[in-house]
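Following: one structure in structure tokens, then a few remarks.
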Amino acid sequence: ALTLDDAIRLAWANDPAVAALALTPELARAREEQAGIRPNPEIEFRGAVPAKGDSEWAVGVGLNQRLPRRDRVEQARALARLGGATAELHLREQRRHVAGEVRRLYYEAAIQQTRRDIARRTAEVQRELRASLEKRRAAGEIATTDIELLAFEVTRAEQALAFADADLAAITQKLRGRLRLPADAPLAISADLEAILSRPIPG
């Protein structure tokens, strides 16, 4: 079963905003490093064709390199560091937002799964009781009307189970969509509500 922590980490890994923000600090560090690198030198070729009646040619080669001012370099590095720090704040906030959404959906799915399990067990008990009363009716111990009353309870239990299955399927589909899992991907969650509620959001 997929734990809450695993679900949050999976959502972080599949969330495009988190993925983009996770790359921003590294990009800022690269920009800071790039700000102190001198530009590549430029080679210039110059030549002059002799004028009419002149036999001299002129050819020249020059090497130029633009050196950035020190204050401009420090300013560029400071801006890169500031961008990286801001991106890390945005990344933490986005992760917190995604974790909150996943946690809410996970809790709701765990509650619906617990309700479905209770409804299933109730329906099973009602069917077992009806089978037992059928045997007693066949033996002449009870009347048919007693079994007919129980049939209504069995029908109600089966309807409750059907509704619980539908609610669980709906919330599971929402959770699968938030985790960005394919529609055919299996998704089983842990329905231990006490353990889920006691688990903090991972760092």
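All values below were derived from every heavy atom in this structure, side-chain atoms included, with hydrogens, water molecules and symmetry-related copies excluded. Bear in mind the structure is a predicted one, so any value in this text is a computation, not a measurement.
- The stretch residues 164-177 participates, sequence neighbours left out, in these salt bridge (charged side-chain N to carboxylate O under 4.0 Å, His left out) pairs: R116-D165.
- At a cut-off of 3.5 Å, with distance as the only test, no side-chain donor of Q94 or H90 sits close to an acceptor on the other residue.
- Contact check for L10 versus D6: no side-chain heavy atoms found under the 4.5 Å cut-off.
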* Could you please spell out the steps behind the side-chain contact (heavy atoms from CB on, under 4.5 Å) verdict for R95 and R92? => CA-CA 5 Å; R95 282 182 169 174; R92 285 198 294 268; 5.7 Å; no

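- Nearest heavy-atom pair, L91 versus V18, reported as atom, atom and distance to 0.1 Å: CD1-O, 3.6 Å.
- Contact check for I189 versus T172: no side-chain heavy atoms found under the 4.5 Å cut-off.
- In the hydrophobic cluster analysis, where Ile, Leu, Val, Met, Phe, Trp and Tyr join through side-chain heavy atoms closer than 4.5 angstrom, I111 is grouped apart from I118.
- Tracing side-chain contacts under 4.5 Å through hydrophobic residues (I, L, V, M, F, W, Y), one reaches L187 starting from V102; they form part of the same cluster.
- For the 3.5 Å distance criterion, the side chains of T114 and D117 fail to qualify, holding no donor opposite an acceptor.
- E153 has a carboxylate O that lies under 4.0 Å from a charged side-chain N of R156, or vice versa, which qualifies the two as a salt bridge.
- A salt bridge links E158 with R127: the closest approach of a Lys/Arg side-chain nitrogen to an acidic carboxylate oxygen falls below 4.0 angstrom.
- Scanning both residues, L2 and A7, for their nearest heavy atoms gives CD2-CB, 3.8 Å.
- Distance alone, capped at 3.5 Å, places no donor-acceptor pair between the W12 side chain and the V98 backbone.
- Considering R104, H97, R103 in turn, H97 is the only one that fulfils the side chain to side chain donor-acceptor pair (under 3.5 Å) rule with E101.
- Considering CZ of F152 and CG of L150, their distance stands at 11.0 Å, rounded to 0.5 Å.
- Pairing each heavy atom of A119 with each of L161, the nearest pair is CB-CA, 3.8 Å.
- Nearest heavy atoms, Y106 versus L175: CD1-CD2, 4.1 Å.
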